[in-house]
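Here the structure comes first, spelled out in structure tokens, and everything after it is commentary.
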Amino acid sequence: QVQLVESGGGLAQAGGSLRLSCAASGVTFSTYCMGWFRQVPGKEREGVASISPYGRTTYGESVKGRFTISQDNAKNTLYLQMNSLRPEDTAMYYCAADSRAGLCFFQPTTSAHWGQGTQVTVSS
């Protein structure tokens, strides 16, 4: 069974950094699109970053140049390095995995698996 467990969230100051981790079980990175999404209460879910089985990465416009998605196949762990954090980055961040390609383009299907999320709060 697929299980995604996020960690690494917390409080950071504007301009600071955080590294989120997603421990994935039952997921083979070579056949899954992996990604990070975030959501603020009352707002729509936003695609942050994704990585394809071939290593192709996609970033949301607001995080380009600041966030980096990566994965460690040996550890079966997905990461999101967040630098130059801004207060508007404050959100619940979710790890997602989908055997369908849509997630790589921030269009997860109903087959996508989701973690419980980790809160990121950036203070000014």
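This chain uses plain numbering: 1 for the first residue, then up along the sequence.
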> Should Gln3 and His113 count as side-chain neighbours, where that means a heavy-atom distance under 4.5 Å?
Replying inline: no
>> For a 4.5 angstrom cut-off between non-hydrogen side-chain atoms, does Cys33 reach Pro53?
In response: yes
>> Can you tell me how far apart CZ (Arg100) and OG (Ser111) are? Round to the nearest 0.5 Å.
In response: 5.0 Å
> Do you know the tightest heavy-atom contact between Pro87 and Ser123?
Replying inline: CG-C, 4.5 Å
> If Ile, Leu, Val, Met, Phe, Trp and Tyr residues are connected whenever their side-chain heavy atoms lie under 4.5 Å apart, and connections chain through other members, are Ile69 and Met92 in the same group?
Replying inline: no
> Got a second to check how far Cys104's SG is from Tyr32's OH, nearest 0.5 Å?
Replying inline: 13.0 Å
>> A side-chain contact here means heavy atoms from C-beta on lying under 4.5 Å apart; do Pro108 and Arg45 qualify?
In response: yes
>> Closer than 3.5 angstrom, by distance alone: can the side chain of Asp98 be matched with the main-chain N or O of Thr109 as a donor-acceptor pair?
In response: yes
>> If you compare all heavy atoms of Phe29 against all heavy atoms of Ala24, which two are closest, and at what distance to 0.1 Å?
In response: CE2-CB, 4.2 Å
>> Main chain of Arg19, side chain of Gln81: is a donor-acceptor contact present, judged purely on distance under 3.5 Å?
In response: no
>> If I take atom CD from residue Gln13 and atom OG1 from residue Thr121, how far apart are they, to the nearest 0.5 angstrom?
In response: 13.0 Å
>> Are the side chains of Ser50 and Phe106 in contact, using a 4.5 Å heavy-atom criterion?
In response: yes
> Quick one: OG on Ser21 to CD on Gln71, what's the gap to the nearest 0.5 Å?
Replying inline: 13.0 Å
>> Quick one, Gln116 and Val5 - any side-chain contact, counting heavy atoms below 4.5 Å?
In response: no
> So, for Met34 and Leu103, which heavy atoms are closest and what is the spacing to 0.1 Å?
Replying inline: C-CD2, 3.5 Å
> Rounded to the nearest 0.5 Å, how far does CD1 of Ile51 lie from CG of Leu78?
Replying inline: 7.5 Å
>> Strictly distance-based, threshold 3.5 Å: is any side-chain N or O of Tyr93 a donor or acceptor partner for the main-chain N or O of Val48?
In response: no
>> side chain to side chain contact (heavy atoms under 4.5 Å, CB included), that's the test. Do Leu85 and Thr90 meet it? Break it down for me.
In response: CA-CA 9 Å; Leu85 285 164; Thr90 295; over 6 Å; no
> Between Tyr59 and Thr68, which heavy-atom pair has the shortest distance, and what is it?
Replying inline: OH-CA, 3.4 Å
>> Could you go through Leu4 and Val27, starting from their C-alpha distance and side-chain angles, then the distance that decides it, and tell me whether this counts as side chain to side chain contact (heavy atoms under 4.5 Å, CB included)?
In response: CA-CA 9 Å; Leu4 306 173; Val27 175; 4.3 Å; yes
> Yes or no on side chain to side chain contact (heavy atoms under 4.5 Å, CB included) for Arg86 and Arg66, after CA distance, side-chain angles and deciding distance?
Replying inline: CA-CA 10 Å; Arg86 305 166 179 170; Arg66 300 188 298 121; 3.5 Å; yes
>> Let's go through Leu20 and Met82 carefully: what are the C-alpha distance in whole Å and the side-chain angles of both, what is the deciding distance for side chain to side chain contact (heavy atoms under 4.5 Å, CB included) to 0.1 Å, and is it a yes or a no?
In response: CA-CA 8 Å; Leu20 306 184; Met82 306 186 294; 3.7 Å; yes
> Does Tyr79 share a hydrophobic cluster with Trp36, counting links as ILVMFWY side-chain heavy atoms below 4.5 Å and allowing steps through other members?
Replying inline: no
>> Under a 3.5 Å distance rule, please check whether Asn76 uses its side chain to pair with a backbone N or O of Ala23 as donor and acceptor.
In response: no
> What class does the angle between the rings of Trp114 and Tyr94 fall in, given that below 30° is parallel, 30 to 60° is tilted and above 60° is perpendicular?
Replying inline: perpendicular
>> Counting only heavy atoms not in Gln39 (residues, nucleotides, ligands), do more than 12 fall under 6.0 Å from its CD?
In response: yes
> When you look at Arg38 and Ser62, which way does the side chain to side chain donor-acceptor pair (under 3.5 Å) test go after all the steps?
Replying inline: CA-CA 12 Å; Arg38 66 188 183 187; Ser62 65; 3.1 Å; yes
